[in-house]
Amino acid sequence: MITEEASLAAPAPARSAAEPPSRPARKKHRAWDEVPRRHIYLPLGIYLLFTLIPFYWILLFALRPAGSTSLVPWPMTTAHFEKVWTDRAFATFFQNSVLVGVATLIMTTLVALAGGYALARFDFRVKRVFMLALLCSQFVPGALLLVPLFEIFAGLQMINSLGSVIIAETVFQLPLSMILISNFIKNVPYSLEEAAWVDGCGRMRAFRVVVLPLLRPGLIAVGSFAFVHSWNHFLFALMFLNNQEKQTIPVGLNTLMSADSVDLGALAAGGIIAAVPVVIVFAFIQKWLITGFSAGAVKG
């Protein structure tokens, strides 16, 4: 008995210096941790190549001289830009597009902000039906709205006016904008407004001071989406504007193509003029745009 107790109480033998230390437990590897880098970079490189080739092709036609077949835009020329900007009245088209885009942005944001707040903070009987109608309106193509809108604007004597295009673009953008802003407002805690009410603020002041600063990403997302859509939309401007001095850039690009010939250099230069403002806008608001759409897409 004494021998067994002594053997049990004896300390474990010391580890020899030659024996390697115990290794820590290996972490469980996931399947994608062992994917070679080339399997990731090769598809991305192919996708990037197919994405950048059309842009390079447009720059090539816009910057190389007329009649040249070189694959490098050298010597470079700005003759095509000068032609579309002055001879083809693209300066007027650009001004009209900016006016339509900014006005649509402001009207869509203000109306969607008021409607989105009502949907997020108030309960009424037809709320579910109204939300369903907003969702269903997204399945209606803009071409179906041309005839009724044309009749309405003709009765209001707004045909060949930029106001008709602004109203049509605003109406077309409102359903999605209201849904996004209402979901974004739902993510703002209602207790913040209640605390402002207790401190003596009215509903409007509490909304302006407490809620509105938190809605900046959502408002930027909705406003930029409305601006870009109105900037690129072709159908409403084509149908409601007859005078060339009132036309926008998409309609102006269409005038560069005829049944007999197409001026590729001028068309490419006009396409670059149309694309540069949108690229600049997205470059500056990219952070707020992603935050706004991700926050407005889910309910907190």
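Values reported hereafter were calculated over all heavy atoms of this structure, with side chains retained and with hydrogens, waters and symmetry mates removed. Positions are given from 1, in the same order as the sequence printed here.
- In plain terms, the two heavy atoms of A168 and L149 that are nearest each other are CB-CD1, 4.0 Å.
- In plain terms, the two heavy atoms of A237 and V251 that are nearest each other are CB-CG2, 3.7 Å.
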Given the rule in the side chain to side chain contact (heavy atoms under 4.5 Å, CB included) test, do M76 and R64 qualify, once you have shown the distances and angles that lead to the verdict?
CA-CA 5 Å; M76 291 188 296; R64 74 183 182 183; over 6 Å; no
Applying side chain to side chain contact (heavy atoms under 4.5 Å, CB included), run through V211 and L192 and close with a yes or a no.
CA-CA 8 Å; V211 180; L192 296 179; 6.0 Å; no
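- Hydrophobic clustering (side-chain heavy atoms under 4.5 Å, transitive across Ile, Leu, Val, Met, Phe, Trp, Tyr) groups F236 together with I152.
- Two different hydrophobic clusters hold M107 and F225 under the rule that ILVMFWY side chains link at heavy-atom gaps under 4.5 Å.
- In this structure, the ring of F94 has its center less than 6.0 angstrom from the ring center of W231.
- Between the side chain of S230 and the main chain of F227, a donor-acceptor pair closer than 3.5 Å is present.
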Checking I181 against L119 for the side chain to side chain contact (heavy atoms under 4.5 Å, CB included) test, could you report, in this order, the C-alpha distance in whole Å, the side-chain angles of both residues, the deciding distance, and whether it holds?
CA-CA 9 Å; I181 290 186; L119 292 174; over 6 Å; no
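- Remark: F50 CZ is loosely packed, at most 12 non-hydrogen atoms of other residues, nucleotides or ligands lying under 6.0 Å away.
- Each of I280, V278, V279 was evaluated against V276; a single residue qualifies, I280, per the side-chain contact (heavy atoms from CB on, under 4.5 Å) test.
- Summarising the geometry, atom CG belonging to L105 is positioned 11.5 Å from atom CD1 belonging to I166; distances are rounded to the nearest 0.5 Å.
- Atom CG of L219 sits about 11.0 Å away from atom CG of L180, to the nearest 0.5 Å.
- Ring centroids of F61 and H80 are separated by 6.0 Å or more, keeping the two rings apart.
- Under the 4.5 Å side-chain heavy-atom criterion for grouping Ile, Leu, Val, Met, Phe, Trp and Tyr, L113 is not connected to Y190 through any hydrophobic cluster.
- Residues F184 and P217 form a side-chain contact, since some pair of their non-hydrogen atoms from C-beta on lies under 4.5 Å apart.
- With rounding to the nearest 0.5 Å, the separation of CD in E245 from CD in Q247 is 10.0 Å.
- In this structure, OG in S177 is found 10.5 Å from NE2 in H229, a value given to the nearest 0.5 Å.
- Side-chain contact check for M158 versus I167: some heavy-atom pair is nearer than 4.5 Å.
- Around the CZ atom of R205, the shell of radius 6.0 Å holds no more than 12 heavy atoms that belong to other residues, nucleotides or ligands.
- At least one side-chain heavy atom of P250 sits less than 4.5 Å from a side-chain heavy atom of S97.
- Proximity of K246 to F93: side-chain heavy atoms (C-beta onward) are nowhere separated by under 4.5 Å.
- Between the side chain of N160 and the backbone N or O of L241 there is no donor-acceptor pair closer than 3.5 Å.
- Clustering ILVMFWY residues whenever any of their side-chain heavy atoms sit less than 4.5 angstrom apart, transitively, puts L63 in the very cluster that holds I273.
- To the nearest 0.5 Å, the span separating CG on L176 from CG on L174 amounts to 10.0 Å.
- Using bins of under 30°, 30° to 60° and over 60° for the plane-to-plane angle, the ring pair F124/F130 lands in the perpendicular bin.
- With values rounded to the nearest 0.5 angstrom, L162 atom CG is found 9.5 Å from Q95 atom CD.
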Assess whether side chain to side chain contact (heavy atoms under 4.5 Å, CB included) is satisfied between F172 and V140, documenting all intermediate values.
CA-CA 10 Å; F172 195 75; V140 179; over 6 Å; no
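- The two residues G271 and L253 come nearest to each other via the heavy atoms N-CD2, 3.7 Å.
- Here the closest heavy-atom approach between residue A266 and residue V84 is recorded as O-CG1, 3.2 Å.
- For residues 115-140, the pairs satisfying salt bridge (Lys or Arg N to Asp or Glu O under 4.0 Å) are R121-E193, D123-K127, with sequence neighbours left out.
- No more than 12 heavy atoms of other residues, nucleotides or ligands sit less than 6.0 Å from atom CZ of F55.
- I249 is not connected to F234 by any chain of hydrophobic side-chain contacts under 4.5 Å among Ile, Leu, Val, Met, Phe, Trp and Tyr, and they are in different clusters.
- Between I272 and I58 there is a side-chain heavy-atom pair separated by less than 4.5 Å.
- Within 6.0 Å of CH2 on W197 lie more than 12 heavy atoms contributed by other residues, nucleotides or ligands.
- Here the side chain of T104 pairs no donor or acceptor atom with the backbone of G101 at under 3.5 angstrom.
- For the pair T248 (side chain) and N96 (backbone), a donor-acceptor distance under 3.5 Å is absent.
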